[in-house]
Amino acid sequence: MTLVEQLIKTFPELLDLSAFKNDLIVIQDDSDGLDAYIAKWEYSEPIPKGLKLGKPKG
Amino acid sequence: MATTTNYSWSTPDDTALVKDGAAAIRSLGTAIDTTVFNNAGAAIAKTIVDAKGDIIAATASDTVARLAVGANDTVLTADSTTATGLKWAAPAGSSGPTFGVYLSANQSITGSTYTKVQFNTEEWDSDSCFDSTTNYRFTPNKAGYYQINYTVADSGSDIYGRLYKNGSNFKGLWGSGVSGAQISGSCMVYANGTTDYFEFYLAHFGGTAPIYGGQTATFASGAWIRG
């Protein structure tokens with residue numbers, strides 16, 4: 001399950017992807033072999049437990 | 001007593017009765033000798049220069065020195081730290097880094113995720129400023145304004161391209177509602193010539209799908225425009 005799919009599972013209203021298109025939530029992959037991460041979170045709900053803002057240390 | 005026009009040497013008048021020709025000649029000769037000697041001492045000796053292109057420059061009031069010709073294609077430039085206040089230097093602002101790169105093969109990206117485009121093949125990279133193997137970024141080594149161009153072919157829907165500067169979204173080159181298209185953007189950016197770097201990201205808002213690779217599909221270029 002991708003990070004985006006995880007978020008949509010938690011917040012089904014994200015399914016229309018508008019929060020991603022409008023940069024309320026930015027998911028980023030730096031093509032460095034590490035997983036995608038939450039680069040920006042300005043959504044009205046807090047980041048789900050188990051996830052965090054910023055790039056995890058490789 | 002008459003005098004010469006330029007140096008006022010004393011000479012007999014046309015109507016004068018020359019009583020002592022030898023003394024008159026000696027007097028004139030002495031005057032000439034003194035003048036020539038003084039002029040020679042005040043002149044710049046040609047031996048100060050040694051080679052083709054040498055120039056003579058002042059190092060202080062009433063003081064000169066040789067400045068050897070510079071290397072080919074350099075220009076004379078003021079520099080108060082040198083003895084003559086001059087130096088030969090490369091002309092400023094004549095050229096700078098430029099690159100042309102492309103994505104060699106399809107790159108699969110996850111939907112709704114801004115993913116760095118792996119520009120892994122260089123067409124040119126004049127100053128080795130583009131990292132096409134690890135970070136896929138342009139780090140110009142000369143300060144100034146750069147023209148950046150970016151074209152991507154993507155199979156996904158709702159394609160958004162972005163130019164990142166120093167790891168952050170800097171220019172949204174385009175936003176498109178099309179699907180399966182090749183779209184382009186360009187802009188001018190400033191780089192400090194040391195730490196600033198630029199990367200290209202892409203997102204499409206659908207499922208996992210590839211960015212199309214190939215020299216004619218997904219490519220970028222950039223060039224220094226001015227300082």
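To find a chain, count down the sequence lines: A is the first, B the second, and so on, and within it residues start at 1.
Residue pairs meeting the salt bridge (charged side-chain N to carboxylate O under 4.0 Å, His left out) criterion with at least one partner in residues 72-81 of chain B, sequence neighbours excluded, are B/D79-B/K87. The salt bridge (charged side-chain N to carboxylate O under 4.0 Å, His left out) contacts involving residues 193-207 of chain B comprise B/K116-B/E199, B/R137-B/E199, B/K165-B/D196, where partners must be two or more places apart or lie in separate chains.
If you measure heavy-atom distances from B/T113 to chain A, the contacts under 4.5 Å come from both the backbone and the side chain. Both the backbone and the side chain of A/D30 come within contact range of chain B, each with at least one heavy atom under 4.5 Å from a heavy atom of that chain. Looking at B/N169, the atoms closer than 4.5 Å to chain A (heavy atoms on both sides) all sit in the side chain, from C-beta outward.
Residue-level contacts of residues 51-63 of chain B with chain A do not occur; threshold 4.5 Å between heavy atoms.
Under a cut-off of 6.0 angstrom, the local environment of OH in B/Y145 is sparse, with at most 12 non-hydrogen atoms contributed by other residues, nucleotides or ligands.
Shown are B/T115, B/I109, B/N120; of these, the side-chain contact (heavy atoms from CB on, under 4.5 Å) with A/S31 is made only by B/T115.
The two residues A/L17 and B/S112 make their nearest non-hydrogen contact at CD2-OG, 3.5 Å.
Taking B/Q147 as the reference, B/N149 meet the side-chain hydrogen bond (donor to acceptor under 3.5 Å, both in side chains) condition, with sequence neighbours excluded.
We find the CD-OG1 distance between A/E5 and B/T208 to be 7.0 Å, quoted to the nearest 0.5 Å. Between the NZ atom of A/K40 and the OH atom of B/Y114 there is a distance of 9.5 Å, given to the nearest 0.5 Å.
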